[in-house]
Amino acid sequence: ADSGGKGIQIITVAHGEAQLRGRWGPNGARIIMDTSGAKIWLPGISDTDTLDAASALCGTTPMKETRTLLENHRDQHDPYDRHPIMTPDMIRQLPARYALIVRGGMSPVIARLPMAWTDSAYKRARRAAHLRAANERTMRTWEASSRRSPWPAEQAWPDVAPPPASWDDPGHYPWQ
């Protein structure tokens, strides 16, 4: 819990609270959930305890109730009733690529999760990795070819690969 004040960021990922309870026990799971600064729930959760906990963390909001004339008595002064912001059903049925996020004391939000492979920074990094890999292959090929003697090898290499039965035996490889 005190790591955040020291600039250390710990990211815990679990499929549900049941997974945390199974690994760390009920108290350990509660400690992990209590000390997590941000909680992210993805669609498709089926653990009712996890859904209820997420719904409870989202809180409630007052909503004005519409009443019929017969129910509109003078002794009822409060036309507002409290309703959950996110019900467990709403959390379970989030659309694909969306998540419910609760961070600290802030209001809950539903965020769209971008796909990494569509991000321009990811594309640049991937292109750079491909270029770096191609350059490394070219350098290895160039280094290997520069080490070869221009003269014919003293040992004659076979024209065909060794039979499959001898592939597992390193003594049968022609290059050894």
Side-chain angles (χ1 to χ4, degrees), residues 1-67 71 76-141 164 167-170 173:
D2 68 340
S3 300
K6 297 175 182 170
I8 300 170
Q9 195 172 39
I10 298 174
I11 299 172
T12 307
V13 179
H15 291 282
E17 288 186 45
Q19 185 180 22
L20 292 173
R21 284 191 301 271
R23 174 64 177 96
W24 301 103
N27 291 335
R30 182 63 13 218
I31 290 168
I32 291 170
M33 291 300 289
D34 289 345
T35 57
S36 297
K39 295 165 186 65
I40 301 173
W41 289 278
L42 300 175
I45 299 171
S46 59
D47 179 26
T48 56
D49 293 336
T50 302
L51 291 169
D52 290 337
S55 178
L57 282 175
C58 290
T60 60
T61 187
M63 297 179 106
K64 189 171 185 174
E65 298 280 326
T66 57
R67 301 173 192 241
E71 294 178 2
Q76 293 180 340
H77 298 290
D78 188 15
Y80 292 92
D81 196 10
R82 297 200 72 83
H83 293 279
I85 293 174
M86 292 290 291
T87 65
D89 287 342
M90 293 166 70
I91 298 167
R92 183 180 57 79
Q93 297 173 18
L94 285 169
R97 297 185 184 168
Y98 283 83
L100 170 65
I101 302 174
V102 175
R103 182 172 181 252
M106 302 174 134
S107 298
V109 296
I110 294 178
R112 184 178 165 276
L113 302 176
M115 295 296 108
W117 51 85
T118 61
D119 186 48
S120 60
Y122 172 81
K123 288 178 181 178
R124 280 193 307 274
R126 185 166 178 176
R127 194 169 29 254
H130 280 297
L131 290 175
R132 186 171 45 251
N135 287 343
E136 289 172 3
R137 280 194 304 270
T138 305
M139 288 302 293
R140 282 194 303 264
T141 304
W167 286 358
D168 293 332
D169 183 12
Y173 286 91

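What you see is a predicted model, and the numbers here were worked out from it, not measured in a lab. Heavy-atom basis, side chains included; hydrogens, waters and symmetry copies ignored.
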First locate atom [atom1] of [X], then atom [atom2] of [Y], and finally report the distance between them rounded to the nearest 0.5 Å.
{"X": "Ile101", "Y": "Leu42", "atom1": "CD1", "atom2": "CG", "answer": "9.0 Å"}
{"X": "Ser36", "Y": "Ile11", "atom1": "OG", "atom2": "CD1", "answer": "10.5 Å"}
{"X": "Met86", "Y": "Leu57", "atom1": "CE", "atom2": "CG", "answer": "12.5 Å"}

> How far apart are the closest heavy atoms of Ala99 and Leu113, and which atoms are they?
Replying inline: CB-CD1, 3.8 Å

> What heavy-atom pair brings Leu100 and Leu94 nearest, and what distance separates the two atoms?
Replying inline: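 Looking at all heavy atoms of both residues, the shortest contact is N-CD1, 3.7 Å.
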
> Between Lys39 (side chain) and Ala54 (backbone), is there a donor-acceptor pair under 3.5 Å?
Replying inline: no

Below 3.5 Å, can you tabulate the donor-acceptor pairs from side chains in residues 12-29 to any protein atom, sequence neighbours excluded?
{"unit_1": "Glu17", "atom_1": "OE1", "unit_2": "Arg30", "atom_2": "NH2", "d": "3.1"}
{"unit_1": "Gln19", "atom_1": "OE1", "unit_2": "His15", "atom_2": "N", "d": "2.6"}

If the condition is side-chain hydrogen bond (donor to acceptor under 3.5 Å, both in side chains), which residues does [X] pass it with, not counting sequence neighbours?
{"X": "Asp52", "answer": "none"}
{"X": "Arg82", "answer": "Thr60"}
{"X": "Ser55", "answer": "none"}

> Which residue pairs satisfy the side chain to side chain donor-acceptor pair (under 3.5 Å) criterion with at least one member in residues 93-116, sequence neighbours excluded?
Replying inline: none

> Can you list the residues that meet the side chain to side chain contact (heavy atoms under 4.5 Å, CB included) rule with Ala96, with sequence neighbours excluded?
Replying inline: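 Expected list: none.
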
>> Looking at Met106, I'd like to know if its CE atom is crowded, meaning that more than 12 non-hydrogen atoms belonging to other residues, nucleotides or ligands lie closer than 6.0 Å.
In response: no

>> One pair to check against side chain to side chain contact (heavy atoms under 4.5 Å, CB included): Trp41 and Val102. What are the steps and the verdict?
In response: CA-CA 9 Å; Trp41 289 278; Val102 175; 3.7 Å; yes

